Every structure is written in structure tokens, then in C-alpha cells.
Amino acid sequence: MSTAKKDYKRITTRSLIEMKANGEKISMLTAYDYTMAGITDGAGIDVILVGDSASNVMAGHETTLPITLDQMIYHASSVVRAVKRALVVVDLPFGSYQSDPKEALRSSIRIMKESGAHAVKLEGGSEIKDSIKKILHAGIPVMGHLGLTPQSIYKFGTYTVRAKEEEEAEKLIQDAKMLEKLGCFAVVLEKIPAKLAKVVAESISIPVIGIGAGGQVDGQVLVIHDMLGMNNEFSPRFLRRYLDLYTEMTKAISQYVSDVKAKEFPNENEQY
Ligand code: KIV
């Protein structure tokens, strides 16, 4: 297996499948607005996820449940305007696909048409099989999401590691195989044991992107606000902070406040 990094001008769903086959790891981060998406794309990310985590980090809700389809389309269209290379995937929000396959297709079509994104992501396995089929039949690429599925938080009752027991682990493996068979181009595995994630990644030919699923999968995803350290209240074991932006931004803003109060901003060179 070659590990050489191919120079992709534009990432497509096929590029990701090729990366897995070539042993090249896939990088994925969330973004929800034009400026952050432009920086992320320019830095060479492969996939940008307009996650329904926007409900938490952008809107301040406790869960991902309140965000609406219109709000997701607003975030996604802002991201798409900035992106030149990455594949843009958008979460179908809670309530936009669970009632029936036709609703799932209608919501996906709205995302694709109104935002210009390249693919959608849905949480769940066999329970939403018919919806996934319907979306795929319309030519819309689908990314699956198994393991901890935050839209079902009130069913689980907790954000702890999923699929530790054999029965749940077996269902997860079967669901991942089903997603591959249906024609999904990738699957996210969230917060499951690393050993199980490795088994899944070895059992299917489509890429497995992990978050809290260990290093032996085909790629990694994090919420951008978390990896930049913009929030110091959320510290799961899987999170690596690459910056401490919370502290840096607080320092910069405090400095601005004191400069304005002390009449040190603006100075002579900063006016007309
Ligand atoms: O909404 C989101 O940010 C996600 C990632 C955690 C995978 O679904």
C-alpha cells in the first residue's frame, strides 16, 4: 500500500475513497461561517463539515436538537462561498429526516440546492435505511454517522462512550456494512472504543472518520472551536487543543478595552 500524498485540486467523494485505498489519512474539521471556512480550506483540510454542532458552538444551545434546516442552510451557504478545495458536507438537522424518507429527500434537496454543498450527513443505522436509500437514489452523496449520535441524547441520557457492550458493538458493525452496501461514501464513528473502530475500518472499503474513536481509522474530525481552544469548558479525552484561543482572544479584547479607555486607540497613524 502506497502512503504517498496525492495532490488533489478539488476533493470529491471519490478522492476520499481513493485516499483510504492509498493509505492516506483524511482530515476533517467543522466550520459554520465564511471566514473560518476560508482559513480552514486554505490550510489544506480535506473535508469541511457544517455540523449541527453549530447549535452548540454558534447558537449556545445545550444540545444539537434546536437548530433548524433553514439555519443549517444559512451556515452551509456561508461556508460554500469560501471553499475552493475541500468537500463540504452538511448535517441534516434533527427533525428534518426522521419522519419519513420523502421528508429526508426534501430536506437534502434543499441543502444541496440552496447552499451549494456537496453531500449530506445523517445520524443512525438500520432505522433510517429507507431515507438513506431515497437520498442516494436522487444522486445526493451521503455520509453516515454511528456510535454516539448527539441527536439521540435524550434516548441515551449521557454523552459517554458508546458500543462498549457486545450487542451494541455488533449492531454498529452491521450498520457500517449496511451503509457501505447502500452506497454511502464515508461514515463518521463518534466516541466508541478504538478497537471496535479499527474492526469497522478494516471491514468496509469506504472511509471511516473518527472522533474519539482512536487512530486506526481512515481519518479524523474535530469541532474547530474545540481544537482551537476557544472554549475551555469542554475537555473530553479525545480532544487535542492546538491553540489556546480563549486566553489569546481574552487578552487581545481586554487590551483593546483598556486602550480605548486610556485614549490610546486610535493614535495619529490610525485616523484620517
Ligand atoms: O455536528 C458535528 O460537529 C458532528 C461531528 C462531531 C462529527 O457531527
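Counting starts at 1 for both ligands and their atoms, in listed order. Here, residue 1 is the first one in the sequence, and each next residue gets the next number. Predicted, not measured: the structure shown is a model, and the values here were computed from it.
- Applying side chain to side chain contact (heavy atoms under 4.5 Å, CB included) to Leu49 and the options Asp91, Leu29, Leu87, Val88 leaves one that passes, Asp91.
- Under 3.5 Å, the side chains of Thr247 and Thr250 contain no donor-acceptor pair of N or O atoms.
- Donor-acceptor pairing under 3.5 Å is recorded for the side chains of Gln151 and Tyr97.
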Do any nitrogen or oxygen atoms of ligand 1 lie under 3.5 Å from a protein nitrogen or oxygen, and which ones?
unit_1	atom_1	unit_2	atom_2	d
ligand 1	1 (O)	Asp52	N	3.2
ligand 1	1 (O)	Asp52	OD1	3.0
ligand 1	1 (O)	Ser53	N	3.1
ligand 1	1 (O)	Ser53	OG	3.2
ligand 1	1 (O)	Asp91	OD2	3.1
ligand 1	3 (O)	Ser53	OG	2.5
ligand 1	8 (O)	Lys121	NZ	2.9

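- Checked for salt-bridge contact, Lys251 and Glu248 meet the test: a charged N lies under 4.0 Å from a carboxylate O.
- Below 30°, between 30° and 60°, or above 60°: for Tyr32 and His225 the angle between ring planes is between 30° and 60°, a tilted geometry.
- With respect to the salt-bridge test (charged N to carboxylate O, under 4.0 angstrom), the residues Lys261 and Asp259 do not qualify.
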